[in-house]
> 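Handing you this structure, nothing more for now.
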Amino acid sequence: MFIPPKRSPSPANGVLYRQGDVLLKKITHLPTGLQKHSGVTLALGEITGHSHRIQETDRAQLWQQGNQLFLEVTAPATLIHEEHSAIALSEGIYQVWRQREYRPEAYVEVED
């Protein structure tokens, strides 16, 4: 089932996309000093084993700098997850964030 993405304008550079605990923001260019990240899985659920990933693996490349993740989409692609609606992504560069939660000992990424 395909549902068009819900888009919200961002005051900075681009459009925001949210799928569960993953947030993508379209940006104008990749930062310098990035390293290629293998695969096209943006987030893997530690509990369920489900993942936020690009369906068309040949249309995207993940890049990493420290704990920051960037997605380069070279042709229209689909962000999929077993429990969420698919999101159509246009060509471009996206910064990727995983939702975090506060715990007294530290901020931690949310787990599926």
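Nothing here was measured: the structure is a model prediction, and the numbers come from that model. Hydrogens, waters and symmetry mates are skipped; everything else that's a heavy atom, side chains included, is used.
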> How many angstroms lie between CG in L24 and CD1 in I93, if you round to the nearest 0.5 Å?
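Here the rounded value is 12.0 Å.
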> Is a donor on one side and an acceptor on the other found under 3.5 Å between the side chain of Q68 and the backbone of F70?
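Between the backbone of F70 and the side chain of Q68 there is no qualifying donor-acceptor contact (under 3.5 Å).
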> Spell out, as yes or no, whether a donor-acceptor pair under 3.5 Å connects the side chain of Q55 to the backbone of A86.
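Absent.
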> Within a strict 4.5 Å, meaning less than it, do heavy atoms of the E91 and P76 side chains meet?
yes
> Under the salt bridge (Lys or Arg N to Asp or Glu O under 4.0 Å) rule, collect the residues that match up with R53, sequence neighbours excluded.
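Checked R53 against salt bridge (Lys or Arg N to Asp or Glu O under 4.0 Å); matches are E82.
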> Which heavy atom in I80 sits nearest to a heavy atom in Q19, and how many Å separate them?
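Closest approach of I80 to Q19: O-OE1, 3.7 Å.
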> Drop me the distance from Q35's CD to W63's CH2, to the nearest 0.5 angstrom.
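So the CD of Q35 and the CH2 of W63 are separated by 10.0 Å.
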> Give, for atom CZ of R18 and atom CD1 of I87, the distance between the pair rounded to the nearest 0.5 Å.
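Rounded to the nearest 0.5 Å, the CZ-CD1 separation comes to 10.0 Å.
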> Hey, could you give me the OH/CG distance between Y94 and L79, rounded to the nearest 0.5 Å?
10.0 Å
> Kindly give the heavy-atom pair with the smallest separation between L34 and L30, and that separation in Å.
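So the minimum-distance heavy-atom pair works out to CD1-CD2, 3.6 Å.
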> Under 30°, 30 to 60°, or over 60°: which ring-plane class applies to H84 and H52, parallel, tilted or perpendicular?
parallel
> What heavy-atom pair brings A77 and R59 nearest, and what distance separates the two atoms?
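Result for this residue pair: CB-CB, 4.2 Å.
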> Of the non-hydrogen atoms in L62 and G39, which two are nearest, and what is the gap between them?
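For L62 versus G39, the nearest heavy atoms are CD1-O, 3.7 Å.
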> Check whether any side-chain heavy atom of L89 lies under 4.5 Å from a side-chain heavy atom of Y17, and answer yes or no.
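Side chain of L89 against side chain of Y17, heavy atoms only: contact under 4.5 Å found.
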> For the NZ atom of K25 and the CH2 atom of W97, what is their distance to the nearest 0.5 Å?
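Rounded to the nearest 0.5 Å, the NZ-CH2 separation comes out at 5.5 Å.
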> Testing the basics here: between Q65 and P31, what is the closest heavy-atom pair and its distance to 0.1 Å?
OE1-CB, 4.3 Å
> Quick check for you: to the nearest 0.5 Å, what is the distance between K26 atom NZ and L71 atom CG?
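The NZ atom of K26 sits 11.0 Å away from the CG atom of L71.
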> Taking all non-hydrogen atoms of both residues, which atom of D58 and which atom of T74 are closest, and how far apart?
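Result for this residue pair: O-OG1, 4.1 Å.
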